[in-house]
Structures are given as structure tokens and as C-alpha cells.
Amino acid sequence: MRKNGNTMKRKKIITSMILFVLCVVMGNVFAGNKEMVEKRVKELDKLNKEAVNSLIDIPKEGRIKIKAKVHPYDHKIQFDLLEKEIILKNKANKGEKADE
Amino acid sequence: MNSLKKNGQWFACICTCLIVFISVHAYAGNKRIMTIRAAKVLAERALVETIYGLKLRAVEKVEDMVATSFKGTTESKTKAVVNGIRFEEVVYDPEQDIAKVMASVQVDKIVNIDGMEIDLGNKVFRRVAFATSTPQNAGALKALRAAELDAYKQLMKRIVGFELESHTSVENYILKSDIVKTKVLATLCLAEVTEYGWTDEGDAYVKMQVNIADIEDVLGQKILGNEKVIEVMGEGAQEDTFSQATKLQDKESNAQLKKTQVTGDKRP
């Protein structure tokens, strides 16, 4: 009787261990799109900073609005400025259009 | 009398088994045909996208560089009549109810999506497509289509460029991206799939390429850069872990908001 009780306990432990391992493995089976989105967000941030740096004389403080055409080629990027608006902190609006 | 009764019972039992067996197989046959037909239609669409071309509109927007605010949409459209499509390879997996079809077509000349006549010199184009009639098994195939659209989008961005719109704040000469938005609306043809598959994690990838000389002929203008071939790799996921994470974050922030409201109410 005691032996039977022990084997039952062992079986229960083994079954719960297998179930736990399965749950952990199944949870990690799909990588999903979260990583892809996070990577894309970083790429967009990098692209924007590169565009602003190459197209605008950056003020010490303020806000910059731009609209540009982006042409990636040979691991480089060409930016063509379409519109820009620079709002300096505590100063008047300095908005202007690139093609004007 | 008894043996006759027994024989009758046996006969009825065998008949029932036969009916069940036949009906099950008849259903399986219909499912197989439907799945293969769907794969054939998708292979035809893939060929049309390659030869005639497709129109694609993609927008990506992120605010304050917070991944949860990211929104990305891609829409594609194509419509054409292509004659002479042949199905070279049709494979059906009855266990997973997935069909794979390879379609090919030989084309001499075609008027593409932009209304331009292209001389293809009897080139043979091949595209592969998968389909299933079982929604539970569609995840991997949807991921593959998402990867395909991502690859088309990357090629278009590389060939015709894209629009960037942004709001950036500056503090002590340090840039902080507030809103970044990219837009691409273009047509593309003659894109060929060179490789596709799934990673160990189940995400799909599609490698696609275009010959620059062919594209320059179609566009009638030179494309920036010295590359002869542009190759990109599109990615697609089976599981929307991003939305799940966003929902979880929303729930947590709502709970926090409620907590602060409750504590705020208690204040004199």
C-alpha cells in the first residue's frame, strides 16, 4: 500500500514537472511582433534625428517640424527637405517652407 | 432463426461502418480540393503581383518613441488578367490541411499596373503559395504573407523613396523625437522572391529582389546608387505579442489611474 502511495506521488510530481516545462516551452515558441515593432521604433528615431541633423541648423532650445523625401541607397540616405518650421523657445514663430 | 438475426445485425453494423467511412473520406476529399484551389488562387495572385505589379500604401507612426504608440498599416491592391498560368507543383499535407502550389507563366510582353508596355522576352516567372481551410493552421501562412508585404514595402522605399514627417523638440542641443511618421504610396512590378521560410520561433521571412536595370527601363529614370540588384528581407510574425503587451500595459495604467483617483478623492 505504502509503495503504491509513493509511486502515485512520484507520478504526480513527474506529470506536474512535464506540464510546467511544456507551459514554459509553449510560451516561448512564438517570438511574435513585439521585437519587430521595438526595432522599428528605434529605426524611426534614428532616421528622424539623422534627417533633422542633416537638414536643419539646430537651435539650442525649441521645436522643429519637418517634411522630407527620403531616398535610401548604397547604405546611405539622401534627404530632400520639403517643408520646415522652427519654433524657438520664448521667441516668435520662425516657420518657413523649404521651396519658398 | 437466431443465426439469421445475428447475420442481420452484423450486416447492419458493417453497413453503418461503411457509410461512416465513406462520408468521412468524402468530406476529407472536399477539404483537400478547397485547400488546393485556394493555394492555386494565391499563387496566381503572387504571379500577377510579380509580372503586372501591385499598388501599395504603407504608413508608420510613433509618438514619443514609445513602442505602444506605434501604428503601422500596409495595404496592397492588384487586378489583372494573365493567361497561360501553369501549376507545376501541387503538394497537399492531409495532416495539417496545408497545400503548396508552384505556379509559372511565360510572358513575352505585358502592360503593367502603370499602363506601360514591358518587353519581358518570354521570361518564365515562378511563384509559390500556401493555403489552408483550417483556421487554426493559418498562423504560419498569414505570417508569410505579412513578410511578403513587408518585403514589397521595403523595395518600394528603396526604389522610389518615402516621405518623412516629424516633430522634434530640442533641449540644450539634444534632439528628442516627438512624432515620427513615414508614408509610402507606390506601385511595383518585377519583384521576385528568392527565398522564404520560417525561423525556429515561427516568424516568417521572405527575401525579395529586383533588377535595377529592369526597373530603370520601366521608370525611364536612373535609381540612386550603384547596386545592380536590390535585395530585401521582409518579416512577419505569427503571434501578435505587441498588442497583447499593449493591452496589458493599458490595463495596468487604468488600474493605477483608478488608484490615484481613489486616493485623490480621500484628500480633504
Side-chain angles (χ1 to χ4, degrees), chain A residues 25-91 94-95 98, chain B residues 60-72 139-140 143 146 150 154 157-184 199-203 223-227 230 235-246:
Chain A
V25 170
M26 288 303 281
N28 291 324
V29 161
F30 300 116
N33 59 347
K34 197 170 168 266
E35 251 176 61
M36 291 175 194
V37 169
E38 283 165 354
K39 191 179 134 199
R40 191 73 197 115
V41 167
K42 277 180 194 164
E43 281 170 2
L44 285 173
D45 185 36
K46 197 182 157 204
L47 177 83
N48 178 45
K49 285 177 179 166
E50 221 175 307
V52 174
N53 271 318
S54 65
L55 297 169
I56 310 280
D57 284 330
I58 302 162
K60 192 187 172 198
E61 279 179 4
R63 293 193 68 198
I64 300 163
K65 285 183 191 178
I66 59 157
K67 201 172 182 181
K69 184 90 183 177
V70 186
H71 298 275
Y73 70 100
D74 297 345
H75 307 289
K76 289 177 224 161
I77 301 173
Q78 180 186 303
F79 298 102
D80 295 326
L81 188 63
L82 303 172
E83 279 172 34
K84 71 170 174 181
E85 193 183 335
I86 302 168
I87 305 160
L88 298 173
K89 208 178 180 183
N90 302 326
K91 278 189 184 172
K94 210 187 153 190
Chain B
E60 283 175 331
K61 189 182 174 187
V62 65
E63 284 175 33
D64 298 323
M65 291 304 117
V66 180
T68 47
S69 73
F70 178 85
K71 266 182 196 161
D150 187 37
Q154 286 185 43
K157 280 184 167 181
R158 174 66 187 81
I159 294 165
V160 295
F162 59 96
E163 209 176 276
L164 169 77
E165 224 181 304
S166 74
H167 292 195
T168 312
S169 43
V170 194
E171 271 184 42
N172 293 322
Y173 299 106
I174 292 170
L175 299 176
K176 188 186 152 257
S177 308
D178 298 328
I179 299 172
V180 184
K181 191 177 173 185
T182 63
K183 266 194 283 184
V184 61
T199 61
D200 293 338
E201 290 82 21
D203 294 337
I223 292 169
L224 269 176
N226 297 315
E227 291 163 301
I230 298 176
E235 289 175 306
Q238 278 199 52
E239 192 93 332
D240 189 4
T241 47
F242 172 68
S243 293
Q244 287 165 11
T246 312

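Numbered from 1 within each chain, the chains take letters A, B, ... in sequence-line order.
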**OP:** May I ask you to say whether Lys157(B) pairs ionically with Glu60(B), meaning some side-chain N is under 4.0 Å from a carboxylate O?
**Re:**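 A salt bridge links Lys157(B) with Glu60(B).
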
Original post:
Taking Ser69(B) for the side chain and Val62(B) for the main chain, is one N or O donor matched with an acceptor at less than 3.5 Å?
Top reply: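 No; zero donor-acceptor contacts below 3.5 Å.
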
Original post:
Taking Asn53(A) for the side chain and Lys49(A) for the main chain, is one N or O donor matched with an acceptor at less than 3.5 Å?
Top reply: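 A pair under 3.5 Å: yes.
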
Subject >> Ile77(A) side chain reached by Val70(A) side chain, heavy atoms, under 4.5 Å >> reply: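 Side chain of Val70(A) against side chain of Ile77(A), heavy atoms only: contact under 4.5 Å found.
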
Original post:
In Å, rounded to the nearest 0.5 Å, how long is the span from CD of Glu171(B) to CD of Glu61(A)?
Top reply: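 Taking CD in Glu171(B) and CD in Glu61(A), the distance rounds to 6.0 Å.
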
Subject >> Among the listed options Ile58(A), Asn48(A), Val41(A), Asp80(A), the residue most often paired with chain B at heavy-atom distances under 4.5 Å >> reply: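 Max contact count across the listed options: Asn48(A).
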
Original post:
Given the options Lys60(A), Met36(A), Lys65(A), which has more heavy-atom pairs under 4.5 Å with chain B than any of the others?
Top reply: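 Heavy-atom pair counts peak at Lys60(A).
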
Heavy-atom cut-off 4.5 Å, strictly under: side chain, backbone, both or neither for [X] against chain A?
X         : value
Phe70(B)  : side chain
Thr168(B) : both
Val184(B) : neither

Original post:
Got a sec: does the NZ of Lys42(A) have more than 12 other heavy atoms crowding it under 6.0 Å?
Top reply: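 Counting other residues, nucleotides and ligands, NZ of Lys42(A) stays at 12 neighbours or fewer.
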
**OP:** Using a cut-off of under 4.5 Å on heavy-atom pairs, state which of Ile174(B), Val180(B), Ile159(B), Leu175(B) scores highest against chain A.
**Re:**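 Going by pairs under 4.5 Å, I would pick Leu175(B).
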
Original post:
Hey, which of Ser166(B), Gly72(B), Gly225(B) has the most heavy atom pairs under 4.5 Å with chain A?
Top reply: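 Among the listed options, the one with the most contacts to chain A is Ser166(B).
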
Subject >> Under 4.5 Å from a heavy atom of chain B, the part of Lys46(A) involved >> reply: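 The answer is neither part of Lys46(A).
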
